[in-house]
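These numbers were taken from a predicted model, which means no experiment stands behind them.
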Amino acid sequence: ARQLEKLGVDVIEAGFAAASPGYAEAIRTIAETIQGSTICSLARANERDIHAAGGAIKPAKSGRIHTFIATSPIHMEKKLRMQPDQVVEAAIKAVKLALEYTDDVEFSAEDAVRSEMDFLVRIFDEVIKAGARTINVPDTVGYSIPALWGERMKQLIERVPGADKVIWSTHCHNDLGMAVANSLAAVMNGARQVECTINGLADRAGRDRDGGAYPQGCIQLRHAHRRHPDRAVVQARLHHHRLPGAAEQGHRRGERLRA
């Protein structure tokens, strides 16, 4: 984390606080130590995760909560066992709860690549109205190609009400070797944040590489950033362990670990 701070990384996603007490303590320690970067915790769209994330980033000079929920039909039915209306309600509730801890909230639609466009427009509209400042569109299973991924980003920005009020982000996996190309296609079509991997370290085939020396990074392209106009803002995610056994097999299918 100190090296990422030295590199000028603006946001460090330091872990998944609800995954274990060790994770939460690691995030809290980083939050207490780092002064020049925003410290972020990942959290699923439920109260337990949001409270854990909020507690972990509490010591940070600047903190962020990144909450997510699956939005593809297969994930909603098979993994979440929730109806679309329930998923939207959970997303809104998660963003509002996260705002009790920080005004910097990011929302991700897990498995956006296989999600229905109309449903993505609906859920993104609702979380923006709820107060999310960054909207992340992930290719969770590394399934897309540049032409389709760029078009998906373009359509979302054109169709989602309030799209101009948030930072649009892309998150691409490298299962087909397309992560870098997909990320660049998203940037060309309006994305201003790229969640990428340094040295390709990530689950399954990894994420898009940016050529650096530290695990997982994200670059935000903010045209009017309050501290550094006209430069890329970098966000990095720290990985602490590999998923064991059946949990790893599930993640290979694009399923997030249930803690």
Side-chain angles (χ1 to χ4, degrees), residues 13 15-20 23-24 27 40-58 63-141 143 152 156-157 159-163 165-171 173 193 195 203 237 243 247 250-251 253-259:
E13 190 169 284
F16 195 165
S20 71
Y23 247 128
I27 297 167
C40 176
S41 175
L42 192 64
R44 292 164 298 186
N46 63 57
E47 290 187 10
R48 174 178 174 270
D49 278 30
I50 299 295
H51 288 311
I57 66 168
K58 187 176 181 180
R64 170 185 287 191
I65 293 176
H66 179 182
T67 187
F68 68 92
I69 194 167
T71 53
S72 63
I74 189 171
H75 275 197
M76 289 190 288
E77 178 186 354
K78 302 298 185 181
K79 184 176 72 166
L80 299 179
R81 297 180 176 87
M82 294 170 68
Q83 295 298 313
D85 287 350
Q86 293 175 304
V87 171
V88 173
E89 182 180 351
I92 294 170
K93 185 177 180 181
V95 170
K96 288 183 176 179
L97 184 59
L99 286 168
E100 296 181 10
Y101 293 96
T102 175
D103 63 356
D104 189 350
V105 176
E106 178 175 348
F107 173 79
S108 287
E110 183 186 359
D111 202 20
V113 66
R114 296 188 293 180
S115 299
E116 295 174 353
M117 178 62 70
D118 288 346
F119 186 66
L120 286 177
V121 170
R122 177 188 173 194
I123 197 167
F124 287 151
D125 177 28
E126 293 296 336
V127 297
I128 290 171
K129 289 190 290 189
R133 287 172 41 177
T134 300
I135 300 296
N136 187 47
V137 187
D139 179 7
T140 304
V141 292
Y143 187 83
R152 172 149 292 218
L156 285 168
I157 294 173
R159 292 182 57 185
V160 174
K165 300 176 182 177
V166 297
I167 298 292
W168 285 87
S169 169
T170 187
H171 170 122
H173 283 263
Q193 172 172 295
E195 296 193 356
D203 30 77
R237 176 181 294 178
L243 299 178
H251 204 72
R253 298 190 297 271
E255 300 173 5
R256 291 277 185 183
L257 177 65
R258 284 175 170 264

How far apart are the closest heavy atoms of [X] and [Y], and which atoms are they?
X: Ala24; Y: Ala17; answer: CB-O, 3.6 Å
X: Val95; Y: Ala132; answer: CG1-N, 3.6 Å
X: Arg64; Y: Thr134; answer: NH2-OG1, 3.8 Å
X: His75; Y: Ala70; answer: CB-CB, 3.5 Å
X: Ala130; Y: Leu99; answer: O-CD1, 3.1 Å
X: Asp104; Y: Gly63; answer: CB-O, 3.6 Å

[Y] side chain reached by [X] side chain, heavy atoms, under 4.5 Å:
X: Arg133; Y: Asp103; result: yes
X: Phe119; Y: Val87; result: yes
X: Cys40; Y: Glu106; result: no
X: Leu156; Y: Ile135; result: no
X: His51; Y: Leu97; result: yes

Do side-chain atoms of [X] reach the backbone of [Y] as a donor and acceptor pair under 3.5 angstrom?
X: Ser41; Y: Ile65; value: no
X: Ser115; Y: Ser72; value: yes
X: Arg48; Y: Ala18; value: yes

Distance check, rounded to the nearest 0.5 Å: [X] atom [atom1] versus [Y] atom [atom2]?
X: Asp125; Y: Ile92; atom1: CG; atom2: CD1; answer: 9.0 Å
X: Ile69; Y: Asn46; atom1: CD1; atom2: CG; answer: 8.5 Å
X: Leu42; Y: Asp49; atom1: CG; atom2: CG; answer: 8.0 Å
X: Leu80; Y: Glu110; atom1: CG; atom2: CD; answer: 7.5 Å
X: Phe107; Y: Ile123; atom1: CZ; atom2: CD1; answer: 4.0 Å
X: Ile27; Y: Lys58; atom1: CD1; atom2: NZ; answer: 15.5 Å

TODO: Show your working on side chain to side chain contact (heavy atoms under 4.5 Å, CB included) between Phe68 and Asn136 and close with a plain yes or no.
DONE: CA-CA 9 Å; Phe68 68 92; Asn136 187 47; over 6 Å; no
- [ ] Keeping to residues at least two apart or across chains, list the side chain to side chain donor-acceptor pair (under 3.5 Å) pairs with something in residues 87-98.
- [x] Glu47-Lys93
Open item on the list: Looking only at side-chain N and O atoms, does Thr140 offer a donor or acceptor that is under 3.5 Å from a partner on Asp111?
Closed with: no
Open item on the list: Counting only heavy atoms from other residues, nucleotides and ligands, does the tally under 6.0 Å from CD of Gln86 exceed 12?
Closed with: yes
Open item on the list: Check this for me: Tyr143, atom OH, are more than 12 non-hydrogen atoms of other residues, nucleotides or ligands nearer than 6.0 Å?
Closed with: no
